[in-house]
Amino acid sequence: MNRQLLHRLGGIFDTHQILASDLYREIYSRDGSYFDIKPEIIVRPDTPQQVQQLLAIASEAGVNVTFRTGGTSLSGQSVNEGIICELRTAWKKSEVRDHGRKIWFEPGLTAHQINTILKKYQTRIGPDPASAIAAMMGGILSNNSSGMQTGTRYNSYHTLSAIEFMLANGHRYNSSVAADRQRFEQEEEWLCQGLLRIREQILKNDEIRNRIIEKYKIKNVTGYSMNAFVDFEHPMDIFAHLLIGGEGTLGFIVSAELNTLPLMPVYSSAMLYFKDATQAAASAALLGESGAVSVEMMDYAALSSLGNRPELPRGTTAMLIDYGAQSPEEMQDMVKRLQPRLKKLDGMVDMEEFTHTVSEREKLWEVRNGIFPCVAGARIPGNAVVLEDVAAPVGKLADLVGGLQQLFRKHGYEGSIFGHARDGNVHPLVTSGMETVTEVNNFSRFMEGMVTLVLSLDGSLKGEHGTGRAVAPFVEREWGTEIYAMMQELKRLADPKGILNKGVILNEDPDAHLHSIKKMTLFAGELNYKKADTCIECGFCEHVCPSRYVTLTPRQRLQARRIIERTGSRELEKEYDYIGEQTCAADGMCQVPCPMGISTAVVTDAIRAKKATPAESDILHYGAEHFGAVETDLRAMLKVAVGTERVISPYPLLWATDFLHRISHQVPHWSSHFPMPRKLHYREEANPDFVYFPACVTRIFGASGLHKDDLITVVLRLAGKAGIRVSLPEEAHGLCCSQIWEHKGNPAGQRLTANRTIESFYKWSGGGRIPIFCDTTSCTHTLLFETGGDILTPENREKYKQLKIMDITQWLKEVVLPRIKVIRPKNRILLHPTCSCQIMGLTPVLLDIARKCAREVILPDNWGCCGASGDRGFIFPELSDSATRDERDEIGHESFDGCYSLARTCEIAMQDHIEQPYESIVYLVDETIQDQGT
């Protein structure tokens with residue numbers, strides 16, 4: 001590590017903005033590509049002024065700077081030596097302009113977030129990569145990413161309205177400001193003259209000019225955007241468009257404004273199946289000419305990687321087609337007109353019906369969007385993943401696909417081909433061991449063959465993923481010596497000291513694509529969760545992680561485990577303790593966007609169990625054996641603490657818990673929203689309709705923070721209003737779903753509490769005859785998905801199979817609301833689904849309940865796990881602060897008639913960090929329905 005550099009940066013940036021430890025440096029040596037290059041330091045600037053200072057230090061020290069947002073890049077452009085300037089944790093501002101026809105944004109927002117903002121205006125941005133949930137706008141602009149509908153007309157280059165940028169010398173300009181345009185010409189005279197000189201060279205040489213024009217008739221991001229010299233006259237406009245696709249080698253994109261596209265009111269998709277990939281590819285031109293907005297190809301290997309697809313004859317290739325219309329009637333006419341033509345396509349063996357609903361279409365596109373991770377995840381664990389990105393004129397696509405298949409066979413690869421067939425742009429994917437010289441040499445020969453094939457078809461070696469270092473050695477071969485020399489001159493003009501993303505796009509090393517290949521070390525076997533070894537480090541999981549702004553993301557946790565396993569370093573393991581294990585909420589939300597369904601929570605729970613000391617295990621097991629006494633003691637302590645707070649003030653408790661936390665990290669910090677426990681109400685019914693199981697968190701923290709009746713009282717009252725006989729056995733005291741012990745890494749305690757609870761459930765329910773509902777969704781999730789299997793005895797496993805367990809949301813929607821009448825709906829309410837609610841697919845149920853009881857229901861676009869994770873968010877408040885940051889910024893200081901969720905600790909954490917008075921959804925139903933006897 002460069003200590004002098006660290007010292008200088010420490011004078012500008014706060015401690016939390018600098019990551020310089022060995023583990024962080026190892027983690028940031030990896031991105032979505034197959035490269036592994038260790039940086040000196042990672043810096044997270046918050047403002048353009050800090051970037052200017054960073055560039056000044058780097059320039060003086062001669063240190064490389066690489067700008068990185070989502071780190072989903074597949075060509076190695078976001079890993080490098082020197083400084084990684086990460087923009088993922090800040091740079092989130094945006095502004096919709098001209099009634100949605102334009103949008104301004106900073107680089108730290110994902111494409112999905114931008115489109116969510118635009119949805120209410122019925123517009124979207126042009127670029128639509130399959131990684132839209134994870135790919136951030138800084139990378140999308142820097143790679144000139146496109147996607148499925150974008151083609152060559154609607155990429156970042158062609159939809160750019162304005163761009164604010166910073167040169168390597170720290171000078172900052174905005175292309176839409178007249179004064180900046182004039183200042184750019186004056187202050188950057190040498191750069192501007194050089195740009196005009198290159199433009200003149202191109203325009204005077206018809207052969208070069210025509211070559212550039214022809215190259216951009218297909219998707220092409222190889223090298224720099226040389227079409228800027230043909231398309232624009234003013235140096236500012238030329239340079240602004242060179243930054244698009246410049247991969248951070250020419251300057252830093254501070255912000256940008258894109259022109260948007262209208263959303264069609266109606267879309268419909270269908271899946272066509274062809275006998276083989278070449279026949280499917282041969283249909284691409286006709287499908288594009290039919291008006292399809294997307295034509296996505298998925299070969300047999302791609303389809304086979306998807307566990308939920310029907311078994312197909314070997315070689316079968318699918319084409320997913322998508323059409324847009326202005327009305328359902330227009331779409332119906334279009335489909336009626338298209339179907340006879342489509343069924344006559346050569347080589348087509350089957351055709352699924354066009355989708356009729358939004359959800360049907362979304363399911364098809366979830367298949368397409370998950371193809372890359374699923375194909376890569378189906379590899380032999382430990383193998384490297386290489387996803388290339390080539391394009392050819394669509395009329396030559398069949399030749400390109402056939403040639404790639406021949407290369408797969410020649411080099412012994414179980415390869416896959418998928419991509420944007422309408423535009424002649426496909427992604428050949430190979431997975432291979434890259435450990436030995438033989439394996440690397442074989443890959444080298446494959447790349448050589450692919451380059452020769454693509455260029456023989458007048459294609460481009462990079463259609464949309466950026467050149468990076470994966471194709472940098474071949475840029476000159478694609479473009480020719482003269483144009484390549486212009487690119488070299490451009491780089492010298494914009495970055496004379498060569499400090500911006502060195503080795504990316506232009507690289508004189510002919511073997512740059514063969515160096516620094518990352519190792520996909522196996523680590524999950526010892527944790528008894530081999531699925532984690534299928535992670536390809538795509539980053540799709542990161543945007544839902546509660547700790548993403550404070551420590552590590554799920555991807556980074558799995559990367560860290562690979563690094564620790566590879567190195568065997570105790571120091572790295574020690575560092576991982578806080579940033580990896582302790583601040584993992586273990587909420588499981590990461591498995592939702594992960595195409596492989598990997599839950600980093602399982603990894604974390606296994607690590608906690610493995611590292612637990614005998615003394616810690618004994619304490620937890622004792623707590624499980626005597627949980628009734630523990631529950632009583634906790635309620636008593638909470639009464640004393642809340643009573644003290646009310647008489648004196650909360651500050652002594654805050655100071656005391658902060659002090660105790662410094663002594664032991666397992667002591668939670670005090671929250672001023674902890675409620676005074678109320679007397680528990682039990683109800684025994686001889687022949688109940690339902691058994692009510694209040695979770696332990698409800699029994700301890702279930703009192704209302706808004707001075708209303710406690711949750712148990714409200715649930716029982718609601719049952720009475722609906723005429724439902726509900727039993728709440730007193731034996732519920734001391735029972736737990738077992739989640740506490742699962743997430744504390746104590747399997748013995750988990751087994752003990754789970755078995756005891758299932759035995760009681762079986763007795764209460766009359767052998768499974770009476771349904772049981774739970775008032776806390778995370779506990780319902782544990783009971784339904786984590787209980788059973790190896791943690792139950794054989795006898796209790798049989799009992800468990802007889803039980804009918806449902807969540808409070810299902811009970812409210814399916815049982816209570818059909819029996820009552822909502823007569824006092826609230827005007828405007830705010831919802832916060834919990835992570836378990838989302839994992840179980842109950843968010844639509846929660847929304848249905850809310851919409852029956854309120855005129856306007858707000859579900860924030862940026863809602864996610866609150867980071868409470870039982871007690872973890874109180875032990876590490878920075879976790880909940882990170883988890884709620886985006887949601888808090890979105891909600892701001894808006895007012896609501898009620899704020900509702902599904903778990904008491906989550907509601908307290910939300911109240912702490914969002915500063916809104918959250919309570920259970922049960923209160924909403926109770927307060928809006930007709931009173932009993934009315």
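No hydrogens, no waters, no symmetry mates; every other heavy atom, side chains included, goes into these values.
When the side chain to side chain donor-acceptor pair (under 3.5 Å) test is applied to Asp98, the partners found at least two apart in sequence or on another chain are Arg101. Legend: residues meeting side chain to side chain donor-acceptor pair (under 3.5 Å) with Asp231, ordered by chain and number and at least two apart, are Tyr157. A search for side chain to side chain donor-acceptor pair (under 3.5 Å) contacts involving Glu890 returns Asn862, not counting sequence neighbours. Legend: residues meeting side chain to side chain donor-acceptor pair (under 3.5 Å) with Glu95, ordered by chain and number and at least two apart, are Arg97. The salt bridge (Lys or Arg N to Asp or Glu O under 4.0 Å) test applied to Asp322 returns Arg361, not counting sequence neighbours.
Atom CD of Glu856 has more than 12 neighbouring heavy atoms from other residues, nucleotides or ligands inside a 6.0 Å radius.
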Would Thr355 and Lys363 satisfy side chain to side chain contact (heavy atoms under 4.5 Å, CB included), going step by step from the backbone distance to the final call? CA-CA 10 Å; Thr355 57; Lys363 285 178 183 176; over 6 Å; no
Is there a side chain to side chain contact (heavy atoms under 4.5 Å, CB included) between Lys92 and Met136 once you walk through the steps? CA-CA 10 Å; Lys92 304 287 186 184; Met136 292 182 174; 3.8 Å; yes
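Put simply, the side chain of Trp365 reaches to within 4.5 Å of the side chain of Ser294, judged on heavy atoms. Looking at Ile921 and Leu902, their side chains come closer than 4.5 Å, going by heavy atoms from C-beta outward. A 4.5 Å side-chain heavy-atom check between Val51 and Pro45 finds at least one atom pair inside the cut-off.
For Trp91 and Phe252, the ring centers sit closer than 6.0 Å to each other. Ring-centre distance between Phe239 and Tyr173: not below the 6.0 Å cut-off.
Without hydrogens or angle criteria, Ser175 side chain to Ile163 main chain gives a donor-acceptor distance under 3.5 Å. Looking only at distances, a side-chain donor or acceptor of Glu106 sits under 3.5 Å from a matching main-chain atom of Lys93. With Gln52 contributing its side chain and Gly170 its backbone, the two residues share a donor-acceptor pair below 3.5 Å. In this structure, Arg855 contributes its side chain and Pro825 its backbone to a donor-acceptor pair below 3.5 Å.
Donor-acceptor pairing under 3.5 Å is recorded for the side chains of His832 and Glu887. No hydrogens or angles considered: a donor-acceptor pair under 3.5 Å links the side chains of His234 and Glu185. With no hydrogens or angles considered, no side-chain donor-acceptor pair links Asn155 and Glu464 at under 3.5 Å. Side-chain N/O atoms of Asp861 and Thr116 include no donor and acceptor closer than 3.5 Å. Remark: the Tyr154 side chain and the Asp128 side chain contain no N/O donor-acceptor pair separated by less than 3.5 Å. In this structure, a donor-acceptor pair under 3.5 Å is absent between the side chains of Gln77 and Asn501.
Identified under the ring pair (Phe, Tyr, Trp, His ring centres under 6.0 Å) test for residues 107-153, with sequence neighbours left out: none.
Between Phe540 and Ile133, the closest heavy-atom pair is O-CD1, 3.7 Å.
Put simply, CG on Asp389 and OG on Ser146 are 7.5 Å apart, with the number rounded to the nearest 0.5 Å.
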